[in-house]
Structures are given as structure tokens and as C-alpha cells.
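The block underneath contains the structure these notes are about, expressed in C-alpha cells.
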2 protein chains.
Amino acid sequence: MATEFNHAGIETPDEHNRETYTISDLSDEFGVTPRALRFYEDEGLIQPERHGMTRVYHKRDRARLAWILRGKRVGFSLADIREMIDLYDLGDGRTKQRAVTREKCEERIAALSEQRTDIDSAIEELKGFLEVLDKVEAEDKA
Amino acid sequence: MATEFNHAGIETPDEHNRETYTISDLSDEFGVTPRALRFYEDEGLIQPERHGMTRVYHKRDRARLAWILRGKRVGFSLADIREMIDLYDLGDGRTKQRAVTREKCEERIAALSEQRTDIDSAIEELKGFLEVLDKVEAEDKA
DNA sequence: AGTTCCGTTCACGTTAACGTCAAGCTATGA
DNA sequence: TCATAGCTTGACGTTAACGTGAACGGAACT
């Protein structure tokens, strides 16, 4: 009889190609701590299933986590991210709700575009600095 | 007789075209609080002159502030920024020091490039979501 | 002389995003 | 059967980047 649950070790092959993940599966894969995942759950960003006490993550949760982490990388707060996720989940809102959603999205896009140009100029500036270094180096050799 | 110091109000014209700034000149211009500027000073990011007790900022300080704020916008911590400023100030370091500097710069550039692609895909994703909204809207009208 | 502004220095408070124990349950391998 | 590994829930600690008074000084209108 197959054990109903098998946390670590070798994959149970009869579980048709990994549909679920443990907390450390995901935290290992994404390079974050389990604590972080529990925190995101407390904040309402993910809602994994439970088998008894233990969390069981599905692909949907995995995808959300990816979203969250990318959001963080581009400078969003968890509150921002939750807001966006909520908007995303709201596919059936009434017209007015959708207008709000649209506005939020556009705001985000504008902010991100601004960030992009900031990053571009920071990169340029750093490259310029590298060139200065090269020059000094060359002068030194002469 | 010209008053030696004139905080607010109309510009004193005999002070050949604004070479110095008060703390609130700068904080107003850049949209931050004086507290922030003092904090940056405590952290060793800027070192304005003093006339008695009061801080007097020059163009150099203004430029630094601009650097700091852009750094923040692209996600650097104040510690990161101080590190970069220190590197910048070190124009005369010996060869090995310069190698370290170069490496740091390249690391930064790499990180920033990664951030850029993250931002790009976030923007794409948001645009995709907007299209979904458009679709739903269109269906509603039908 | 008095009030108003703008500046100053402590020094404690705050928020976000976890880190870090502590204490306990539970299934699996030795 | 017991230890070990991995899961759980509190709950307090931590860091960064300021916010927020408190209490004061000095110039400048009125």
C-alpha cells in the first residue's frame, strides 16, 4: 500500500509526475526560506491546501510564488503584490471594478517604465565609470 | 548692507547665481524630508559645510543627493550606495583596489540588467492582463 | 519685545519582511 | 521502539530608513 504522504527523499513515481510540492520543495527551488512562504501565507498571498497540518502546494501556488518573487525583484512591496493578485483574481467584477483594475494596472506600468529608465541611466553611469577606470589604467601603463 | 544669510523668500541676487542651498532648498527640490538629508549625513553619504550650526550644501552635495535618490529608485540600499560613493571617491587607489572597484561595478551592472528584464516581463504581463480586461469589456457589450 | 520661521540635536517610535528560537506533532528508517 | 527529519504554530528579535515629537537657538518682521 502506498504511503499517503512522503516528504523527503526519492520521488514516489506513482504520483503522476509531481503535481504537489512540500514547503521546502518550493523554498529550495526558489531560494527562499520556509519562513518566508509561511509569511506570505499569513499575508494572504498564497493559500496552499492542507493534508492534516502540513501544507501542500500545487502548480497554481508555485506560479503565484514566482509572481511574488518577481514582483519583489522589481521593487514591489508585499502589499502591492497582494493588491495585484487580488485584482487578478477578480475576473468577474462589475464594470466599475474593472475600471479601477485597469487604472491600477496602468499606474503600475507607468511606474515600472520609469524604473526602467532609471535603471538604464544607472547602467550608463556605471559603464561610464568603468571607462574612467580603463583610462586611468592605461595612463598607469604609460 | 547685504544680510549674510537669507533662508526663505526672494533670492538674494548679489549671491552670484545660487551656489549654495539650505537643507529645505534641497529637500523641497527633491521631494524628500530634511530628516532624510540629516539621516544621509549621519550615514556618511553627504558632508555639507557648516556655517555655525546650519548646514550649507553646494553643487557637489546636490549632485550626490541626486545619485543617492536614483540609487534608491533602482533598488539599492543606502549601504550599497555609500559603498559606491566611496568607490567613486577613490580615484587614486592602487591597481588592486581598482580591480575590486571594477568588479563591484560589473556586479552592479549585471544585477541591474537582470532587474531590467524582470521589469520588462512584469510590464508584458500587466499589458497582457489589460488585454484580458479589454476582451471581457467587449464581450459585455455584445 | 515678542512672535514667527527655519534651523539644530537628541532620542524614542514605526513599518516591512522576515530571522530565530521554543516547543511540539508525526511518519519513516535503524 | 526510538531517534531523526521535516512539518507545525506561536512569539519575540532584527534591520533599514526614516517619522515624530521635544526642547532649544538665532534671525527677522511687527
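These figures come from a predicted structure and were not determined experimentally. Chain A is the first sequence line, chain B the second, and so forth, proteins listed ahead of strands; every chain is numbered from 1.
- A salt bridge does not link Arg60(B) to Glu19(B): none of the charged side-chain nitrogens sits closer than 4.0 Å to a carboxylate oxygen.
- Electrostatic pairing of Asp61(B) and Arg55(B) does not count as a salt bridge here, judged by no charged N lying under 4.0 Å from a carboxylate O.
- Taking the side chain of Arg55(A) as heavy atoms from C-beta on, and the options dT9(D), dG7(C), dT9(C), the nearest nucleotide is dT9(D).
- Atom CG in Leu65(A) sits about 11 Å away from atom P in dC18(C), given to the nearest Å.
- Distance Asp42(B) CG to dG19(D) C1': 14 Å, rounded to the nearest Å.
- One finds no side-chain N or O of Thr54(B) lying less than 4.0 angstrom from the OP1 or OP2 phosphate oxygen of dC6(C).
- Under the rule for a side-chain contact (heavy atoms from CB on, under 4.5 Å), the partners of Glu29(B) that lie at least two apart in sequence or sit in another chain are Leu26(B), Arg62(B).
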* Under 4.0 Å protein heavy-atom contact, by nucleotide of nucleotides 12-18 of chain D - B base, S sugar-phosphate only -> -----BB
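- Note on Ser24(A): a side-chain N or O is less than 4.0 Å away from OP1 or OP2 of dC7(D).
- Without hydrogens or angle criteria, Asp80(B) side chain to Ser77(B) main chain gives a donor-acceptor distance under 3.5 Å.
- Atom-to-atom, CZ of Arg38(A) to C1' of dT20(C) comes out at 12 Å; the value is rounded to the nearest Å.
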* Asked: Step by step, would you call Ser27(B) with Leu37(B) a side chain to side chain contact (heavy atoms under 4.5 Å, CB included)?
  -> CA-CA 7 Å; Ser27(B) 59; Leu37(B) 295 192; 4.1 Å; yes
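- Straight-line distance from the CD atom of Glu49(A) to the C1' atom of dC7(D): 16 Å, rounded to whole Å.
- Whole-Å rounding puts the Ile81(A) CD1 to dC18(C) C1' distance at 14 Å.
- The local environment of CD in Glu49(A) is crowded, with over 12 non-hydrogen atoms from other residues, nucleotides or ligands closer than 6.0 Å.
- Atoms CZ (Arg50(A)) and P (dC7(D)) sit 13 Å apart, rounded to a whole Å.
- The nearest whole Å value for the distance from the CD1 atom in Ile23(B) to the C1' atom in dG26(D) is 16 Å.
- We find that NE2 of His51(B) is positioned 13 Å from P of dT8(C), with the value rounded to whole Å.
- In summary, Glu41(A) and Arg50(A) engage in a salt bridge, as defined by a charged side-chain N under 4.0 Å from a carboxylate O.
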